Amino acid sequence: MRVLRVNMIPFSASGETYQDSEPFLAVNPANPDLIVGTAFTPDPAGGPNAPIFVSRDRGRTWSLWSFIPGATSDLPTADITVAFDGTGNNLYIAVILANSVMSRRFATTVVMRTSDVSTMTPPTTVFSQPASTPLVVDQPVVSATTATSGADHVYVGCNDYNSYPGATGKVLLSSDAASSSPGFNLVALDSRPTLLDAKVRSAPHPDGTIYVAFLACRSQPMPGVYMADVVVTRDDNRGSGTAATGAFTALRDSTDGEAGQRVIQNVTIAAEEMGQERVGLALVIAVDPRNSRTVYLAWVDKQGSSQTLHLRRSDDGGQTWGSGDLLTVSNATNPGLAVNSLGEVALMYQQLTDVGAEQRWETHVRLLLGRRIWDGLAFVNNRDLVLASAPATVPRAHHLPFLGDYLGLVSVGRDFYGVFSACNIPDLVNFPPYNEHTDAAPGGPHYVIYQRNADFTRHTLLNVEGRDVVAPSIDPFFVSISFDDEFRRIGVGAILVEHSGCGESPLADASATFSIRTEVHQPWWRESELVSVTYNWTNSDGTQESATNTNSGFQVRMPPVRSDGTVAPVEVSVRIEIRVGDSAPRSFERRVTVRPITPDQDQLACLMYKVQAFIYQFLLTVLPPFRHVGPFPDPPPYLQQTLPGNFTWTVLRAYQRIVRVLRFQ
Amino acid sequence: MQQPPDKQHGSGERIASFVFLGTVLELGASTEPSIQGKQDTAVLRVERILYASEALQKFTGLQLTLQQASGLKQGQQAVFFTDVLIYGQSLVVQEVEPRVEAPEAMQGRLLPPERHLEQRIRAADLIVHGEVLSVEITEAPSGPLSEHDPLWAKAKVAVSRVLKGDLQGHEAEVFFPTSIDHLWYKAPKFQMGQRGTWLLRFAEISKNEQAFTALDPIDFQNEENTNRVAALLEM
């Protein structure tokens with residue numbers, strides 16, 4: 001497992017100090033190198049378009065493209081969410097345009113589409129309402145899939161204030177969103193009497209199933225407090241429903257028979273401030289890509305004095321959810337939820353810790369894995385990664401939301417990709433190592449990477465010219481949690497080969513021994529587990545021996561000279577077994593035959609090196625990448641002209657040198 | 001949320017957000033990998049900034065890329081009126097107004113802040129100078145709870161001078177949002193005793209209710225800028 005954290009603000013925007021909260025993310029499923037992010041980030045120059053973040057190297061570097069039209073100085077754009085379709089051909093963008101005072105309060109949503117974000121092709125508006133009858137919604141969160149027919153199905157979960165009081169939870173959906181003039185329908189979800197609905201979130205599955213969950217606020221006993229049901233609806237026909245029953249009625253409540261299963265009823269939803277943030281309304285849903293009947297749901301309600309996050313799972317299409325939580329987290333908000341291609345779950349959230357001036361916003365990812373991964377000490381199934389832990393009192397919030405009303409988390413293949421907002425003070429304390437073996441170098445591959453100018457020694461942000469200090473602010477941070485897909489890329493991190501036994505005297509009339517020790521270091525960031533290394537070799541007298549262990553070596557007795565003056569060949573084979581997580585061990589075996597021409601000292605040394613080279617080559621072939629962690633053994637004096645210097649090279653270089661020597665010989 | 005200056009409101013004119021004196025270093029080149037290989041680019045060095053937002057104040061001496069560069073020669077200097085297209089390792093900008101050869105050749109051409117103010121003045125329904133007599137929180141609207149609720153307040157302004165429009169009587173009621181939601185927090189908030197000039201628009205603030213508002217940060221100008229507003233009104 002590898003974790004990458006990147007501050008998404010580009011270097012050329014180093015002078016910006018905006019509160020870049022409420023981030024979102026889309027990863028191209030056909031090309032995960034292309035990732036698009038959004039946040040409440042204005043154009044740092046004050047230009048007319050709303051920018052989006054674009055990465056073309058899987059999140060390692062980001063640029064900010066002024067891309068989305070529609071803002072003015074007193075009437076800005078607001079929430080922007082993004083989603084790629086199932087093929088990665090189209091990016092869909094749901095935007096709140098506050099193009100009148102009224103619509104700023106009851107935000108107007110438009111849906112845009114672009115087929116080539118990488119070339120800054122301006123997006124085309126595929127849905128908008130006339131100003132006289134605007135679709136006035138909040139938090140339009142878009143998702144998309146592509147049917148086998150090639151049609152793009154787009155879903156925008158939203159709160160339709162036109163329906164207040166009543167069932168405001170709706171889905172704006174299109175079954176031909178990629179066409180030149182797609183049609184969109186607004187579908188109501190809540191079948192029961194209600195005051196309003198909130199946090200409408202969708203989770204489409206490629207097989208045509210789509211879940212939509214929301215908080216149904218049934219009553220308001222006091223300002224800012226609602227008594228609510230957590231409701232999950234389902235449609236098995238891409239949101240089209242059936243002629244008899246209509247859309248999103250496939251899942252009927254097990255108690256009252258109405259459309260929409262109530263996962264839990266009459267919970268308290270309290271809109272309040274916590275750590276400079278407004279909290280209280282939070283919900284997210286995700287479906288298992290392997291099985292559309294397995295679905296996960298996370299929401300926040302008020303339990304005592306705590307905003308409490310709950311995670312639950314249903315294995316029967318949302319009908320039953322169990323009586324208890326898979327996870328419960330106190331003082332938490334902003335859940336993000338994703339299920340990867342192995343059915344493994346990632347839950348990201350932000351949690352307020354400590355009290356008073358010591359309060360910190362911690363951003364966590366909880367991994368519920370179906371396999372074991374190495375955490376540096378042991379193999380575990382579940383991990384709690386703290387991605388950021390930053391002061392909750394810095395900077396002083398100049399508007400709400402402080403971190404955002406939501407964040408983004410998706411999966412593509414086995415990997416998870418997320419985005420969250422946090423205080424950007426460049427202090428490694430704020431970005432804890434997710435493992436005690438983490439490389440602590442600032443900006444290193446296993447720490448947080450800042451693109452904007454930052455001094456981690458002085459904990460200050462700098463402007464582009466490298467002198468002026470820039471005030472701390474809130475920035476979006478990208479995170480990826482990746483698991484190598486190819487077994488060949490998983491494995492041993494380092495080996496050390498040693499030898500001895502090369503005598504000084506001529507060996508023509510005697511056998512000799514030498515040993516090779518292959519020391520395998522289990523790297524903490526790999527998920528493989530070395531089971532065994534087995535050596536088999538043939539001694540000079542023809543006897544065969546073997547040794548099985550991981551970190552000790554073996555000794556080969558050199559062959560004596562035969563009666564005809566030749567030397568018997570030596571055969572050595574190495575067999576390595578490696579297990580990945582809970583999988584069955586896999587083994588790899590290689591065999592080498594070395595045949596000295598004459599049994600003198602030089603030939604023995606060459607033989608020795610040839611066996612070493614063979615082992616290196618084997619490991620390079622089977623288990624790259626790895627690196628040499630110890631000093632390379634000193635070569636015999638006679639070889640020093642060919643192999644000069646101290647042997648602290650990488651294994652690959654050493655191996656290349658060895659091969660060169662052997663060829664030279 | 002985005003908070004750019006009003007580039008197109010009212011008149012539809014584009015106003016550049018980044019104005020600088022630059023030297024053409026290389027044609028057909030780029031400082032930004034994402035647009036490398038294009039022929040219509042030029043690498044410029046920023047010699048002097050004539051107008052930039054706070055975030056871009058430190059680009060003097062740095063290089064950037066001009067996209068759709070035409071009619072330029074290597075070594076040429078000019079004042080470029082641009083918007084930024086891409087923020088990466090460096091900037092990629094695009095001209096949105098005609099360039100001029102040198103700052104001295106601008107001949108009274110207004111820089112973006114003045115042009116922005118000019119646009120707001122032109123679009124205002126009423127411009128008054130006066131003093132806030134009182135501030136009153138209005139009743140919360142009867143609609144659903146929304147984090148985007150403006151939480152309107154009403155400032156009663158004693159008007160000493162009407163610079164534009166018609167006003168019945170000597171008082172104007174100005175509605176302003178007290179919300180610090182990201183959609184509203186930049187709108188001016190008023191206090192009793194505050195003196196200055198208001199650039200007001202008559203807008204629908206809730207269903208079936210219209211009122212004067214001043215929502216852009218520059219819709220309120222303090223006392224010393226009153227003459228500036230008056231001068232722009234006469235242009």
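Keep in mind that the numbers below use all heavy atoms, side chains included, and drop hydrogens, waters and symmetry copies. Order of the sequence lines sets the chain letters (A, B, ...), proteins ahead of strands, with each chain counted from 1. On a predicted model such as this, the values are computed, not experimentally measured, just so you know.
Of the two parts of L56(B), only the side chain, counted from C-beta on, holds a non-hydrogen atom closer than 4.5 Å to a non-hydrogen atom of chain A. The contact between E16(A) and chain B is made by backbone and side chain atoms together, counting heavy-atom distances below 4.5 Å. For P165(A), no part sits under 4.5 Å from any heavy atom of chain B, backbone or side chain. With a threshold of 4.5 angstrom between heavy atoms, D20(A) does not approach chain B through any atom at all.
Across D83(B) and G47(A), no two heavy atoms sit closer than the pair OD1-CA, 4.3 Å. Shown here for G88(B) and P10(A), the closest heavy-atom pair between the two residues is O-CB, 3.6 Å. What you find for A45(A) and S17(B) is that their closest heavy atoms are O-CB, 3.4 Å.
In terms of non-hydrogen atom pairs under 4.5 Å with chain A, the most contact-rich of A52(B), P177(B), S90(B) is S90(B). When the candidates V464(A), T61(A), N463(A), L400(A) are compared by the number of heavy-atom contacts under 4.5 Å with chain B, L400(A) comes out ahead. Heavy-atom pairs under 4.5 Å with chain B peak, among C217(A), P44(A), A13(A), S63(A), at P44(A).
A search for side chain to side chain contact (heavy atoms under 4.5 Å, CB included) contacts involving T268(A) returns V225(A), M227(A), K302(A), not counting sequence neighbours. For K58(B), the side chain to side chain donor-acceptor pair (under 3.5 Å) test picks out D468(A), with sequence neighbours left out.
We find the CD-CD distance between E465(A) and Q57(B) to be 11.0 Å, quoted to the nearest 0.5 Å. Atom OH of Y87(B) is separated from atom OG of S14(A) by 12.5 Å, given to the nearest 0.5 angstrom. Atom-to-atom distance recorded for L183(B):CG and F40(A):CZ is 7.0 Å, nearest 0.5 angstrom.
Taking the six-membered ring for Trp and thresholds of 30 and 60 degrees, Y185(B) and H398(A) have nearly parallel ring planes, at less than 30 degrees apart.
Counting heavy atoms of neighbouring residues, nucleotides and ligands inside a 6.0 Å radius, atom CD of E209(B) exceeds 12 of them.
Contact annotation: the side chain of D181(B) approaches that of R278(A) to within less than 4.5 Å [non-hydrogen atoms, C-beta and beyond].
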